[in-house]
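These figures come from a predicted structure and were not determined experimentally. Numbered from 1 within each chain, the chains take letters A, B, ... in sequence-line order.
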2 protein chains.
Amino acid sequence: MAGRSGPQGDEPRPHLSHRVPDLGALELLIAVARHGSLGAAAREVGITQPAASSRIRSMERQLGVALVDRSPRGSRLTDAGALVTDWARRIVEAAEAFDAGAQALRGRRDSRLRVAASMTIAEYLMPGWLIALRAERPGTAVSLQAGNSAAVAQRLLAGDADVGFVEGLAVPDGLDGVVVAHDRLALVAAPSHPWARRPGLLDPAELAATPLILRERGSGTRQVLDAALAGHGGLAEPLLELASTTAVKAAAVSGAGPAVLSELAISEELASRRLVAIPVEGVLLRRDLRAVWPAGHRPTGPARDLLSLTRAHPTG
Amino acid sequence: MAGRSGPQGDEPRPHLSHRVPDLGALELLIAVARHGSLGAAAREVGITQPAASSRIRSMERQLGVALVDRSPRGSRLTDAGALVTDWARRIVEAAEAFDAGAQALRGRRDSRLRVAASMTIAEYLMPGWLIALRAERPGTAVSLQAGNSAAVAQRLLAGDADVGFVEGLAVPDGLDGVVVAHDRLALVAAPSHPWARRPGLLDPAELAATPLILRERGSGTRQVLDAALAGHGGLAEPLLELASTTAVKAAAVSGAGPAVLSELAISEELASRRLVAIPVEGVLLRRDLRAVWPAGHRPTGPARDLLSLTRAHPTG
DNA sequence: TGACGTCATAAGCTGGGTTTATGAGCAGTG
DNA sequence: CACTGCTCATAAACCCAGCTTATGACGTCA
């Protein structure tokens with residue numbers, strides 16, 4: 001050690017977009033992995049072989065790692081290439097979810113299937129459902145409207161939506177519904193936080209008294225939390241107020257403090273222990289997520305297809 | 001109903017990269033969300049205000065949705081814009097994981113912290129850990145080598161790695177270690193699969209006799225599965241053999257058949273019910289994930305920092 | 001040895017995104 | 001009321017990344 005001759009220069013850290021290949025390149029890499037040939041991969045993504053060659057090469061230069069072993073009878077991924085490809089796949093997956101959602105947003109008035117959903121559902125569940133729906137019924141044009149429960153109900157009753165998804169304790173008046181999933185709020189913190197190694201259950205009063213990382217006032221998550229802790233002294237002033245669930249998550253992961261988040265948002269962080277859940281005594285932070293429709297008008301056609309994607313058990 | 005006048009033309013479906021804005025645009029959008037101003041966002045990402053204006057505008061054209069409400073005293077996201085921004089954040093998150101991993105791969109010989117990890121860990125856990133480590137110790141240069149348990153042990157003993165991560169039942173000879181997480185294999189299928197609504201536990205013999213979607217022979221996941229089902233007639237011929245965990249996952253989600261996957265890979269799909277877990281009677285598909293180091297040489301410095309990110313409980 | 005596959009190289013073109021320079025709209029202030 | 005300061009939009013010139021076409025080199029197989 002010792003030999004550090006300085007802070008290693010100014011360490012040029014250009015923006016993420018300059019250090020991560022663009023989507024086209026990532027798709028190309030994945031295609032190479034699948035086909036074992038640059039030319040075949042090029043054909044799949046609709047470019048010529050030299051373009052593919054050059055693109056892969058520049059990606060290797062950018063990352064500073066050899067990704068593929070070229071040989072006169074094809075190209076296979078190197079070990080590092082396999083790893084990079086797996087990470088690339090996750091970017092592409094997120095891009096597909098983005099695309100599915102965006103495509104639904106675009107189809108405004110005239111679409112076949114109009115879905116109204118609460119924010120949490122629209123944000124975390126719809127993209128996956130839409131990808132699945134697209135796989136099953138490729139032609140379906142979907143439009144997605146996000147709003148609170150009242151707005152969803154209103155749209156359904158006005159005939160402006162074919163099916164809705166809401167979170168909450170009860171089905172709004174005039175609607176029928178079925179529970180399709182659950183949204184449990186979890187208190188989480190980075191593993192380095194003292195609460196993470198605390199034995200036993202946390203006292204709700206202590207939770208209420210502790211400043212948390214939260215979304216801004218008015219978010220559904222915050223309302224539920226407010227209600228649940230009303231009997232324990234009410235919520236303390238937030239440690240940080242952030243504009244999106246993902247921002248809250250990032251702050252919590254980085255150790256800024258404890259946060260309360262939907263389990264839908266943090267499943268991966270929990271699995272990988274970037275966040276740990278802290279059990280709280282007796283506070284029930286669970287909401288049902290329901291598909292809803294105008295009373296008596298069970299969804300048919302595409303709406304029914306969408307519904308069947310979301311629930312494994314009969315309506316009951 | 002009725003009025004379908006045709007299959008809606010040939011529906012030009014250009015590649016994903018043409019339908020999803022590039023990373024720079026997504027980062028810009030997120031910056032706009034944070035600052036409430038195009039100009040400020042532009043400054044943050046290092047471009048000029050007109051460039052930002054044009055970029056947001058072209059993104060809106062591409063998506064066919066208004067993303068920001070412009071006013072003479074700033075720009076706020078529209079409802080659709082908020083939704084799109086959340087989806088964008090998930091792409092950026094995946095890109096950050098990619099970057100963290102890639103940066104670790106790049107730092108070959110001379111890096112400060114050399115990590116050797118099994119594939120599952122390198123793929124699913126390391127990127128998150130590296131992001132966290134970077135947040136805590138910004139200067140640390142990390143290199144990541146992926147291989148099986150034997151390769152990890154060899155690198156540690158040869159002094160080519162400072163800390164290792166392996167999956168398996170025991171700590172390799174010559175190493176000390178501590179369990180940092182668990183990798184449970186789960187049998188999963190799309191909610192539409194018959195097994196998904198099956199009551200009770202699945203008979204292991206039936207599982208063994210059923211063709212599954214699997215990774216190619218030789219993968220760690222497949223070895224564990226093979227061993228677990230050896231006493232029940234052995235694994236049937238696979239329904240599909242795919243080259244990556246993500247590909248297996250995608251096939252399972254799309255309803256191609258049941259698959260066996262690490263819970264690390266499917267936590268989000270389980271939470272959103274795009275996949276459901278099917279309990280199997282008495283088959284224990286759980287592996288410990290351990291941090292390991294040469295016996296007697298507890299990690300120090302950056303390696304220790306990394307370790308402390310991964311475990312919430314004392315070494316014991 | 002010739003045909004077919006692989007990937008690499010070279011030259012020229014195109015377009016998206018950038019910059020600088022400028023203008024227009026609204027708010028707050030004296 | 002007009003001045004100052006913020007906002008965003010528009011226009012014109014520029015630059016470079018990535019594309020295509022054309023070609024070449026290398027290895028394998030019949």
Any protein N or O atoms within reach of nucleotides 7-14 of chain D? Criterion: under 3.5 Å, listing atom names and distances.
residue	atom	partner	partner atom	Å
D/dT7	O4'	B/Pro72	O	3.0
D/dC8	OP1	B/Leu38	N	2.6
D/dC8	OP1	B/Ser75	OG	3.0
D/dC8	OP2	B/Gly39	N	3.2
D/dA9	OP1	B/Arg70	NH1	3.3
D/dA9	OP2	B/Ser53	OG	2.4
D/dA9	N7	B/Gln49	NE2	3.1
D/dA9	N6	B/Gln49	OE1	3.2

Margin query: List the residues meeting side-chain contact (heavy atoms from CB on, under 4.5 Å) with B/Ser58, not counting sequence neighbours, and say none if there are none.
Written below: B/Arg61
Check: Got a sec, which residues hit side-chain contact (heavy atoms from CB on, under 4.5 Å) with A/Ser149, two or more places apart in sequence or on another chain?
Finding: A/Val166
Checklist line | Pair listing, ring-ring contact (aromatic ring centres under 6.0 Å, His included) test, anchored in residues 20-54 of chain A, at least two apart | finding: none
Checklist line | Distance, rounded to the nearest Å, where B/His15 contributes NE2 and D/dC19 contributes C1' | finding: 15 Å
Checklist line | Atom pair distance, as rounded to whole Å: NE2 in B/His35 and P in D/dC6 | finding: 16 Å
Notebook entry, point to check: What residue pairs, at least two apart or across chains, pass ring-ring contact (aromatic ring centres under 6.0 Å, His included) with a residue in residues 117-145 of chain B?
Noted result: B/Trp129-B/Phe165
Note to self: For residues 39-71 of chain A, which residue pairs pass the ring-ring contact (aromatic ring centres under 6.0 Å, His included) check, not counting sequence neighbours?
What the structure shows: none
Margin query: Under a plain distance cut-off of 3.5 Å, with no hydrogens placed, do B/Arg134 and B/Thr140 share a side-chain donor-acceptor pair?
Written below: no
Margin query: Just to verify, what does A/Arg34 make a salt bridge (Lys or Arg N to Asp or Glu O under 4.0 Å) with, not counting sequence neighbours?
Written below: A/Glu44
Check: Earliest and latest nucleotide of DNA chain C, 5' to 3', sitting under 4.0 Å from a non-hydrogen atom of chain A?
Finding: C/dT6 to C/dT9
Item checked: Those residues that, when tested against A/Asp79, pass salt bridge (Lys or Arg N to Asp or Glu O under 4.0 Å) (two or more places apart) -> none
Check: Among all residues two or more places apart in sequence or in another chain, which pass the side-chain contact (heavy atoms from CB on, under 4.5 Å) test with B/Ile131?
Finding: B/Glu96, B/Ala97, B/Ala100
Item checked: DNA chain D contacts made by residues 21-29 of chain A, counting heavy atoms under 4.0 Å -> A/Asp22
Checklist line | A/Arg155: partners by salt bridge (Lys or Arg N to Asp or Glu O under 4.0 Å), with sequence neighbours left out | finding: none
